[in-house]
2 protein chains.
Amino acid sequence: MRRAAGCGTIANQAMPMFTHNVLRNRSAELSEAERLLLESAISHTQTFRAGETVVRQGVPVDISTLLVQGLMTRHVDAHDGRRHLVAVHLPGDFVDLHAYALKQLDHEVGALSDITVAVFRHAELERIQLQDMQLTRRLWFLTLLDAAMHRQWICRLASLNALQRVAHFLCEMNARLLAIDASDGHSFALPMTQADIGEVCGLTNVHVNRVLRQLREMGLCQMRAAQVQIHDLPGLAATALFDPEYLYLNRRIAMRATAPSGVPHD
Amino acid sequence: MRRAAGCGTIANQAMPMFTHNVLRNRSAELSEAERLLLESAISHTQTFRAGETVVRQGVPVDISTLLVQGLMTRHVDAHDGRRHLVAVHLPGDFVDLHAYALKQLDHEVGALSDITVAVFRHAELERIQLQDMQLTRRLWFLTLLDAAMHRQWICRLASLNALQRVAHFLCEMNARLLAIDASDGHSFALPMTQADIGEVCGLTNVHVNRVLRQLREMGLCQMRAAQVQIHDLPGLAATALFDPEYLYLNRRIAMRATAPSGVPHD
DNA sequence: CGTGAATTTGAGAGCCATCAATCTAAGTGG
DNA sequence: CCACTTAGATTGATGGCTCTCAAATTCACG
C-alpha cells in the first residue's frame, strides 16, 4: 500500500509550524474559517524519499495528500516498462484529492524529490463536505485544475515539436513556481533528470539533451545540476507558444508551503 | 455566448420522454431519490447542429450541460488555426459539469453531430450540493472521470505510434459505446471524419487514412461512412495495448439517452 | 449531374528514436 | 587521497515514422 521504508510520520498535535502555514491564504480567497476547517482535517504529516511510490495504481485508498515540501509526480507505467508522467505537483498542490471520489487511482503517485505531505483521511473530508459547501466547491475546483493542466499537456504532445514541448514545460514550471515564490522568474530549482523531462514531453532522454542544447544555443535558457536559468523568458514563451491562462493562476486557492520559521513572505 | 442559430429549446414542463429517461439508472448506483433530484434540476433541453460551438473558451457560463443525444467534443484551438480534441463525449456524459466550479472554460465545447443537451443552471446544482452530499460526490466523481480519460489520452500520445493510437481510440469508443448500448461490440456509428480522428490522435488526416488502411489489411477493423466495424476486437486491443480499466466503467453513474419512443434498439 | 467535402495514393523531406560510445560528476570504500 | 562505481549528460551515426505537398478519386447531396 504505502511504503514504510524511509518514511516519517508526525502526529497532528506535533505538527511543526511550516505545516500549519501550508494552508495560509495568499490570494484572500480562503476565509479564515475555511482555512481552519481545512487544517483541522489534517491527520498527520509524512515524509518520503526521492523515487519512492506514495500511492500505487489500483490499490484502494482512504486518504488524500497535500504536498507540503518537494516535488511529486503522477505517472502511468507503460507496457514496456517505460513510464509516462501525467502531472508534476508543487508544494501547495492537493496531490491526490481526487482519490476522495475515485477511491482507487488509475495511475501511480510518486516522490520526485524528498517530500513532506499532509495526510487527510477521507472521513475528515466528508466532514468538510457536510460543513462547508463553499470550501467543498473550492476543493472540487482544485481537482478541475488538474484536469485543465492535463488538457494542456495533451495539446503540448499533440501539436508541439520537441523543442516547443520542452520550452513549454519549462515555462509552465516557471509560472507555477513563480506563483508560490519558488522562482524569481529567471532561475529555479527543478529536481528532474533529462530522462524525467523526456517522460513528461514524450521524448527520449537523448533528444531532450539535444533540445536543451539548442535552447541554450538560442540564448533562451539553460539547465545544469537540477537548476534552470531562464535568460530570455519572452523568447522562451514565444518558442513554446506558451499561454499561462490555462493554469487559472488568478483563481487558485493558495495552499503553499512556507519556511518553517513562519516568516511572512514578500 | 451560446449560438442561437439552428438551436431549439424545450421548456422543462414540455420535456419529452427521452429526456426523462436520460437519467435512468442502469447500474443501480443512482437511487430513485437521487435520480429525481437530478432530473428536477434540469432547466430545459436544447439542440445544436453538427459543427456548432456550444461553449466558447473564456466566456463566463452559469449553466452546465448533460449530453442526451449525439456526440460532443472538447477542443483547444491552436495557434496556427488547427485544433486539438481533448475529449469526445457520448450520450449520458455530463459534458461541462466542470463549468460549475470553473465558471469559465479553458477550451471550447462543440457538437460533433446534431445533438440534444439537457441544461442545468448552476443555481440548481448548488441546491443539489446543499441537499444531497452523496449525489454531489457522484457528480464530483464524474468530473474526475474526465480527468482520468485525459490521462489516458496523454499516455496515448506520449507512448504509442500512429497505428496504436488510432486502434486505441477505436477501442475506447467501442468500450464506452458498449456501456451505453450504442455498440454491439463489433459495429458502431462514429460520426467523425478521418481529420477529426487525426485531431484526437495528434496525426494528420493523411496519415490517419494510411493507418486505417493498415488496420483494415490486418483484418482488425474497418471504417466506412462514419461506421466502424471491428472484425477482431482482441487483436485490435492487443495492437493498441488497450486496457479499459481507466474508464472506470464499473463505477460509472449511468445517465444515458434512450430512444424517444422508449423502443429498445437493436 | 454538378459541386464540395472527404478519402485515397504517391513522392520526398524532416524530425526524432534507436543504438552505441564517451564523458562528467558525485559518491564510496580502501 | 585515490581507485572504483554509478547515474546522468553528451555526442555521433543510422533508420524509420510521420509530415508536407500534390494530385486523383470517391462520396454525399442538392
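Below, chains carry the letters A, B, ... as their sequence lines are ordered, and counting in each starts from 1. Being a predicted model, the structure only gives us computed values, none of them experimental.
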Salt bridge or not for R83(A) and E108(A), using N-O below 4.0 Å? no
Side chains of I230(B) and L170(B), heavy atoms from C-beta outward: is any pair under 4.5 Å? no
Within the structure shown, what part of the strands sits under 4.0 Å from T193(A) by heavy-atom distance: base, sugar-phosphate, or nothing? sugar-phosphate
Within the structure shown, what part of the strands sits under 4.0 Å from G202(A) by heavy-atom distance: base, sugar-phosphate, or nothing? sugar-phosphate
Spacing of Q227(B) atom CD relative to dA28(D) atom C1', expressed in whole Å: 16 Å
Expressed in angstrom and rounded to an integer, what is the separation of L212(A) atom CG from dT10(D) atom P? 8 Å
Take the protein atom CG of N205(B) and the nucleotide atom C1' of dA23(D), then report the distance between them rounded to whole Å. 14 Å
Nearest listed nucleotide, side chain of R82(B), among dC27(D), dT10(D), dT20(D): dT20(D)
For atom CD of Q222(A) and atom C1' of dA9(D), their distance in whole Å: 14 Å
Rounded to whole Å, please give me the gap between CD in E217(A) and C1' in dT11(D). 12 Å
Any side-chain N or O of T204(A) less than 4.0 Å from the OP1 or OP2 oxygen of dC16(C)? no
For the pair made of CG in L190(B) and P in dA6(C), what is the distance, rounded to whole Å? 14 Å
Is the shortest side-chain heavy-atom distance between R224(A) and Q227(A) below 4.5 Å? no
Heavy atoms under 4.0 Å, any strand shown: does R210(A) hit a base, just sugar-phosphate, or nothing? base
NA contact type, N161(A), heavy-atom cut-off 4.0 Å: base, sugar-phosphate, or nothing? sugar-phosphate
Figure out the CZ/C1' separation between R165(B) and dC19(D), and round it to whole Å. 12 Å
Side chain of V206(B): nearest nucleotide among dT18(D), dT11(D), dC21(D)? dC21(D)
Return the value, rounded to whole Å, for the distance between atom CG of L215(B) and atom C1' of dT7(C). 16 Å
Identify the two heavy atoms, one from I197(B) and one from M192(B), that lie closest to each other, and give their separation to 0.1 Å. N-CE, 4.1 Å
Pick from D77(A), V76(A), T73(A), V55(A): which one makes a side chain to side chain contact (heavy atoms under 4.5 Å, CB included) with H107(A)? V76(A)
For L160(B) and A225(B), take the nucleotide of DNA chain D holding the closest heavy atom to each; which residue's nucleotide lies nearer the 5' end? L160(B)
Classify the nucleic acid contact of L203(A) as base, sugar-phosphate or nothing, counting any heavy atom under 4.0 Å across all strands shown. sugar-phosphate
Assign each of H207(A) and R224(A) the nucleotide of DNA chain C bearing its closest heavy atom; nearer the 5' end lies the nucleotide of H207(A)
Taking only N and O in the side chain of N209(B), is any of them less than 4.0 Å away from OP1 or OP2 of dT7(C)? no
